[in-house]
Amino acid sequence: MNKRAFLEGFFAASTMLFGGNFIWQRIAGPQPRGFHFTPVEIATSTGVQPLPAPAPAVQIETAFDIRQMSEQEISSYLTRIRNFDAIFANDIYLDVGYEKTLLKTTQRLARLERHIGHGNFNIISFDEMLKYGNDFPEVGRFDQDELEFIDEVFFTDPTRYGFFGQKVTSNLTDSISRNDIAKIPYSGHFLLKGESLNLYNRLKRDVGDQIVLTSGVRSVVKQMRLFLAKTVEANGNLSRASRSLAPPGHSYHGVGDFDVGKIGLGEKNFTADFSGTSEYQKIAGLAYVNIRYPTDNLFGVRFEPWHIKIST
């Protein structure tokens with residue numbers, strides 16, 4: 001089977017929401033050669049002004065259609081997601097003029113996460129984020145440029161830099177109801193009650209106790225923190241960041257997907273190494289389990305064997 005036929009098997013027309021041209025204008029000019037972050041800044045990335053009005057949301061058909069791509073374009077696309085951490089000539093960068101705001105926002109979110117704890121940060125809402133910033137000096141108020149930056153990152157169409165997944169969370173201020181989630185013991189994570197929780201429990205029964213929840217439901221704020229930190233790590237390369245992590249609003253973790261790993265495997269649970277474990281082999285053999293980002297998928301994302309898909 002050739003590459004086109006293989007990928008067309010994954011193809012499904014989709015729609016997404018986008019608005020604003022804040023980032024589009026930044027990345028329209030010559031591509032920067034990369035930010036000049038210091039090691040300290042990169043490691044760190046590990047009353048409040050009113051929120052600006054969001055850009056108008058418009059529903060469109062995604063322009064990414066494998067049926068209209070040439071063999072060369074298909075080959076180029078596959079090369080990118082198979083070599084997700086590489087740097088390509090036509091990758092899209094955040095304009096270097098926004099380096100300071102990117103760093104400042106990422107570091108403030110990191111301070112907030114340390115202040116309230118990793119578990120609580122998984123489900124924090126945007127409004128709660130603002131309140132913590134206002135009430136606790138160790139976090140600090142979010143400045144106007146940070147709020148505008150967060151707003152634009154959320155509403156910008158990520159197909160501009162290579163991510164083609166649907167937008168599943170429409171509003172920056174959407175929150176996760178505490179009544180709808182269950183805390184998973186010894187994991188620091190939460191799952192949505194119902195399909196997600198039932199699927200995880202079934203996996204534990206069928207695969208064994210070595211399976212552990214490594215990431216559950218994530219709020220918009222959590223996904224924003226992860227995506228901005230990944231952008232810092234990628235020296236402002238939005239394309240490279242999005243090959244490893246869905247932009248905020250586009251993560252299915254917000255609607256029930258979850259990640260699993262093997263106890264003792266540590267950070268390798270988020271690498272291809274997990275696909276070599278006996279636990280993954282058992283998961284792959286279960287008819288009721290699907291992986292959200294399989295090999296050579298159409299989302300613009302690397303293969304994620306650990307990412308369990310719910311029916312949404």
Side-chain angles (χ1 to χ4, degrees), residues 1 3 6-7 9-12 77-86 118-119 122 163-166 168 181-218 222-223 226-227 230 233 240-246 250-312:
M1 181 182 293
K3 288 177 284 190
F6 178 77
L7 287 177
F10 285 109
F11 178 79
Y77 169 78
L78 292 175
T79 298
R80 284 179 177 81
I81 63 171
R82 291 172 182 174
N83 301 276
F84 58 90
D85 228 8
H118 299 299
N122 284 323
F163 181 86
F164 303 103
Q166 287 186 321
V168 295
I181 58 176
K183 189 171 184 178
I184 306 305
Y186 312 113
S187 74
H189 298 287
F190 299 82
L191 287 174
L192 288 175
K193 295 175 181 176
E195 183 180 0
S196 296
L197 182 59
N198 294 339
L199 180 56
Y200 176 70
N201 288 334
R202 189 176 180 185
L203 270 177
K204 290 280 286 185
R205 289 195 301 269
D206 292 349
V207 177
D209 288 337
Q210 287 299 300
I211 281 292
V212 62
L213 180 68
T214 54
S215 188
V217 64
R218 299 178 192 157
K222 171 70 173 187
Q223 194 69 21
L226 293 173
F227 187 72
K230 181 62 71 172
E233 180 186 321
R240 182 180 166 202
S242 69
R243 288 193 286 268
S244 291
L245 195 73
H250 294 78
S251 172
Y252 281 89
H253 279 272
V255 292
D257 279 14
F258 56 89
D259 298 337
V260 295
K262 179 177 181 177
I263 292 175
L265 198 58
E267 292 183 356
K268 290 184 178 180
N269 278 317
F270 295 100
T271 71
D273 288 355
F274 178 63
S275 64
T277 65
S278 60
E279 285 73 20
Y280 173 74
Q281 298 305 317
K282 290 179 182 178
I283 290 172
L286 297 172
Y288 63 84
V289 178
N290 290 302
I291 304 301
R292 175 65 67 182
Y293 301 120
T295 54
D296 295 344
N297 62 81
L298 288 184
F299 294 98
V301 179
R302 62 175 171 167
F303 171 44
E304 293 191 353
W306 57 85
H307 187 142
I308 306 300
K309 174 184 176 181
I310 61 165
S311 60
T312 300

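As the structure is a prediction and not an experimental result, all values here were calculated from the model.
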Checking Leu191 against Leu213 for the side chain to side chain contact (heavy atoms under 4.5 Å, CB included) test, could you report, in this order, the C-alpha distance in whole Å, the side-chain angles of both residues, the deciding distance, and whether it holds?
CA-CA 9 Å; Leu191 287 174; Leu213 180 68; 3.9 Å; yes

Assess whether a salt bridge exists between Asp296 and Arg82, defined as any Lys/Arg side-chain N lying under 4.0 Å from an Asp/Glu carboxylate O.
yes

Minimum heavy-atom distance Phe163-Ser242, with the two atoms named
CD1-O, 3.8 Å

Non-hydrogen side-chain atoms of Phe303 and Asn297 separated by less than 4.5 Å:
no

From OG (Ser251) to CG (Leu226), nearest 0.5 Å:
8.5 Å

His253 ring center near Phe258 ring center (under 6.0 Å)
no

The test is side chain to side chain contact (heavy atoms under 4.5 Å, CB included); show your working for Val289 and Leu203 and say whether it passes.
CA-CA 9 Å; Val289 178; Leu203 270 177; 3.8 Å; yes

Checking Gln223 side chain against Ala246 main chain: does a donor-acceptor pair fall under 3.5 Å?
yes

Do Thr277 and Leu265 come close enough that some side-chain heavy atom pair is under 4.5 Å?
yes

With ring centroids as reference points, do Phe299 and Phe164 lie under 6.0 angstrom apart?
no

Residues Asp257, Lys309; criterion salt bridge (Lys or Arg N to Asp or Glu O under 4.0 Å); working and verdict
CA-CA 5 Å; Asp257 279 14; Lys309 174 184 176 181; over 6 Å; no

Per the side-chain hydrogen bond (donor to acceptor under 3.5 Å, both in side chains) rule, what does the pair list look like for residues 280-290, sequence neighbours excluded?
Asp206-Tyr288

Residues which pass side chain to side chain donor-acceptor pair (under 3.5 Å) with His189, listed by chain and number, not counting sequence neighbours:
Asn122

For a 4.5 angstrom cut-off between non-hydrogen side-chain atoms, does Arg243 reach Asn83?
no

Can you confirm whether Leu197 sits close enough to Ile184 that some side-chain heavy atom of one is under 4.5 Å from a side-chain heavy atom of the other?
yes

Contact check, side chains of Arg240 and Phe84, non-hydrogen atoms, under 4.5 Å:
no

We want to know whether Ser215 and Arg218 form a side-chain donor-acceptor pair, criterion being a heavy-atom distance below 3.5 angstrom.
yes

If we ignore hydrogens and angles and just use 3.5 Å, is the side chain of Tyr77 paired with the main-chain N or O of Gly300 as donor and acceptor?
yes

Let me confirm one number: the OG1-NE2 distance from Thr214 to His307, rounded to the nearest 0.5 Å.
10.0 Å

Answer whether the closest heavy-atom distance between the side chains of Ile81 and Arg302 falls below 4.5 Å.
no

Test item: Ile291 and Ile308 side chains (from C-beta on) under 4.5 Å apart, heavy atoms
yes

If the condition is side chain to side chain donor-acceptor pair (under 3.5 Å), which residues does Ser244 pass it with, not counting sequence neighbours?
none

What's the spacing between Asp259 CG and Ser187 OG if we round to 0.5 Å?
11.5 Å

Passes side chain to side chain contact (heavy atoms under 4.5 Å, CB included), Trp306 versus Asn269? Steps please.
CA-CA 7 Å; Trp306 57 85; Asn269 278 317; 5.9 Å; no

Is Asp85 atom CG crowded by more than 12 heavy atoms from other residues, nucleotides or ligands, each under 6.0 Å away?
yes

Lys268, NZ: over 12 other non-hydrogen atoms inside 6.0 angstrom
no

For Lys183, I'd like to know if atom NZ has over 12 heavy atoms of other residues, nucleotides or ligands within 6.0 Å.
no

Answer yes or no: is there a side-chain heavy-atom contact under 4.5 Å between Ile283 and Ile211?
yes

For the NZ atom of Lys262 and the CD atom of Gln210, what is their distance to the nearest 0.5 Å?
6.5 Å

